[in-house]
Amino acid sequence: MTPVDAAGPTGIALRTSTADDLRAIALLDGRAFHWTLPEEDLELFRRGSFDPANFLLAHDGDELVGATGAYDFTVRMPGGGALPAKGVTWVSVAATHRRRGILRALMRAQQERMLADGLAVSLLTASEAGIYGRFGYGPATVRHSVRIDRAGASFRTHVPDPGGVRYVETDELRALAPALHARWHAVTPGALDRTDGWWDRILADRPEHRDGDSQLYHLVHGDGYVTYRIASRDNGRICRITDMATAGRDAYVALWRVLLGLDLIGTVTAEVAPDDPLPHLLTDPRRIRTDGRHDGMWARILDVPAALSARTYGTELDVVLDVEDPFLGRGGRFRLRGGPDGATCEPVTDAPQVRLGTSALGSLLFGGHRASSLGRVALVEATDPAVLRRVDVAFTAEREPEFGTDF
Ligand SMILES: CC(C)(COP(=O)(O)OP(=O)(O)OC[C@H]1O[C@@H](n2cnc3c(N)ncnc32)[C@H](O)[C@@H]1OP(=O)(O)O)[C@@H](O)C(=O)NCCC(=O)NCCS
């Protein structure tokens with residue numbers, strides 16, 4: 001990213017990281033998140049995902065007191081297009097220096113750098129949901145934590161049994177999974193690509209990260225894979241799915257057939273999109289319980305025309321948006337003309353039909369939320385309910401967005 005050297009709040013200087021800062025950043029982050037990053041993890045991170053140019057640091061004299069970093073991703077847009085995007089990560093401010101505006105200064109400088117680098121979108125996953133709306137981020141995906149009563153779950157008679165699933169060890173999955181994941185990434189709005197560094201980190205499966213559960217087990221099919229751990233709890237054994245990507249119907253059904261056939265396992269748990277089709281496969285969909293609903297990935301639109309013209313729309317739409325962006329000053333009026341074949345978006349001075357903030361627009365970007373739902377709490381305002389209805393239909397994506405890689 002474009003280097004930065006800037007003043008933060010009084011007495012705080014901001015600068016771009018160098019490779020030598022990693023240990024200090026890990027210590028700052030460890031204190032903020034109450035964890036210790038073992039040397040082996042730091043090394044995996046250094047080799048695979050750490051680009052010092054993506055990290056911005058805040059100093060009080062010689063002391064490192066704040067940091068924000070980013071990963072480089074390619075995010076899939078509705079309709080199959082893609083955008084380069086930074087995934088913001090490793091955000092922390094020392095407990096001795098909180099609530100003085102250091103995060104605000106870091107966020108501001110980071111977003112300005114992303115803009116200077118020509119990026120249209122920034123992404124993140126939030127430790128606390130109350131932090132990032134003020135910086136223009138909006139929750140952009142929804143994911144459900146589900147728990148399936150395995151023994152009681154049986155497939156409806158119409159459901160095929162495609163077969164073709166086999167167990168592989170981690171080395172073989174490491175060779176096969178990137179291509180399978182890339183096929184899933186190609187068809188899933190919101191999906192993030194994975195570099196070799198990500199695969200090495202995810203599959204390192206170091207005992208320190210197992211929380212007392214089993215090693216990773218892997219099942220592959222020609223069009224998908226699933227990775228899981230077995231956890232032993234007082235109420236029995238649980239199969240915890242940690243990663244799954246399928247690029248075809250057969251792979252999805254075949255993998256779930258094996259998972260729900262795991263004898264001696266009481267429960268299978270997974271994180272799924274709200275439109276996950278598993279309930280339709282079971283004779284008794286109530287065997288699937290939703291334990292939680294999470295915000296998943298957040299999106300911050302930095303460049304409205306570039307972001308909105310990178311996706312397609314479910315129906316023809318011609319609307320003037322008034323976007324408020326007090327944090328970065330990149331709002332304004334934009335005419336969006338889009339449809340199933342593509343879109344254009346350009347600044348205009350015409351009277352707006354829909355008013356919303358960047359945070360709300362981020363929530364609509366991948367089709368994870370409905371404009372009318374945000375409208376019911378005044379986060380989106382339209383001159384005419386029919387316009388809002390059209391925006392709803394147009395922004396709906398081919399399927400619910402999923403990002404796939406926690407970062
Ligand atoms: C979250 C954290 C980075 C905030 O840093 P900070 O320098 O104290 O934040 P700032 O002083 O710049 O605060 C900026 C704004 O965010 C708000 N804010 C900060 N932390 C918040 C939190 N945890 N929840 C809700 N709002 C928060 C502040 O009230 C302030 O609001 P305002 O200026 O709009 O009135 C810091 O508390 C931290 O390191 N926490 C632990 C690690 C963590 O959760 N990191 C985020 C990872 S996604």
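Throughout, numbering of the chain's residues begins at 1 and tracks the sequence. Ligands are counted one by one from 1 in listed order, and the atoms in each one are counted from 1 as well.
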Problem set entry | Check: V93 N/O within less than 3.5 Å of ligand 1 N/O | yes

Exercise. Do D291 and R147 sit within salt-bridge range, that is, some charged N less than 4.0 Å from a carboxylate O?
Worked result: yes

Exercise. Given side chains that start at C-beta, do those of E172 and R166 come closer than 4.5 Å, heavy atoms only?
Worked result: yes

Please list every donor-acceptor pair under 3.5 Å in which a side-chain atom of residues 89-96 meets a protein atom from a residue at least two apart or in another chain.
unit_1 : atom_1 : unit_2 : atom_2 : d
W90    : NE1    : Y71    : OH     : 3.2
S92    : OG     : D29    : OD1    : 2.7

Problem set entry | Lys/Arg N to Asp/Glu carboxylate O, R286 vs D149, below 4.0 Å | no

For this session: Would you mind running through ligand 1 and noting each atom that sits below 4.0 Å from a heavy atom of S92?
Result: 39 (O)

Exercise. Under 6.0 Å between the ring centres of F73 and F407?
Worked result: yes

Problem set entry | Side chains of Y313 and L336 in contact at under 4.5 Å (non-hydrogen atoms) | yes

Exercise. Among T89, V91, I102, whose heavy atom sits nearest atom 45 (N) of ligand 1?
Worked result: V91

Exercise. Do W256 and T246 have side-chain heavy atoms sitting under 4.5 Å apart?
Worked result: no

Exercise. Of all the non-hydrogen atoms in the protein, which one sits nearest to atom 9 (O) of ligand 1, and at what distance?
Worked result: L103 CB, 3.3 Å

For this session: Output the list of atoms in ligand 1 that are nearer than 4.0 Å to some heavy atom of E128, sorted by atom number.
Result: 23 (N)

Exercise. So which heavy atom in the protein is nearest atom 42 (C) of ligand 1, and how far is it from that ligand atom?
Worked result: F33 CZ, 3.7 Å

For this session: Could you list which atoms of ligand 1 come closer than 4.0 Å to a heavy atom of G101?
Result: 10 (P), 11 (O), 12 (O)

Problem set entry | For atom 14 (C) of ligand 1, the protein heavy atom that lies nearest, with its residue and separation | F135 CZ, 4.0 Å

Exercise. Are any of the N or O atoms of R99 closer than 3.5 Å to those of ligand 1?
Worked result: yes

For this session: Using distance alone, decide if ligand 1 has a nitrogen or oxygen within less than 3.5 Å of any nitrogen or oxygen in A126.
Result: no

Exercise. Which of the numbered atoms in ligand 1 are below 4.0 angstrom from a heavy atom of Y132?
Worked result: 46 (C), 47 (C), 48 (S)

For this session: Just jot down the ligand 1 atoms closer than 4.0 angstrom to any heavy atom of S127, in number order.
Result: 43 (C), 44 (O), 45 (N), 46 (C), 47 (C), 48 (S)

For this session: If the plane angle is over 60° it's perpendicular, under 30° parallel, otherwise tilted; pick one for F33 and W35.
Result: parallel

Problem set entry | Backbone of H185 reached by a side-chain donor or acceptor of R76 within 3.5 Å | yes

Exercise. From atom 35 (O) of ligand 1, is the closest protein heavy-atom distance below 4.0 Å?
Worked result: no

Exercise. Of R134, R104, H34, R100, which has the heavy atom at the shortest distance from atom 29 (O) of ligand 1?
Worked result: R134

Exercise. So, does S359 use its side chain to make a donor-acceptor pair with the main chain of Y137 at under 3.5 Å?
Worked result: yes

For this session: Mark up the atoms of ligand 1 that fall under 4.0 Å of a heavy atom belonging to A32, in ascending order.
Result: 41 (C), 42 (C)

Exercise. Would you say atom 39 (O) of ligand 1 touches the protein, meaning some protein heavy atom is under 4.0 Å from it?
Worked result: yes

Seminar exercise, completed: re atom 24 (N) of ligand 1, the protein heavy-atom contact at minimum distance is I131 CG1, 3.7 Å

Exercise. For T125, is at least one N or O under 3.5 Å away from an N or O on ligand 1?
Worked result: no

Exercise. Quick one: does V142's side chain get under 4.5 Å of H369's, heavy atoms only?
Worked result: yes

For this session: Please determine if R257 forms a cation-pi arrangement with F155, meaning its NZ or CZ atom is less than 6.0 Å from the six-membered ring centre and no more than 45° off the ring axis.
Result: yes

Exercise. Numbering the atoms of ligand 1 from 1, which are under 4.0 Å from a heavy atom of G130?
Worked result: 25 (C), 26 (N)

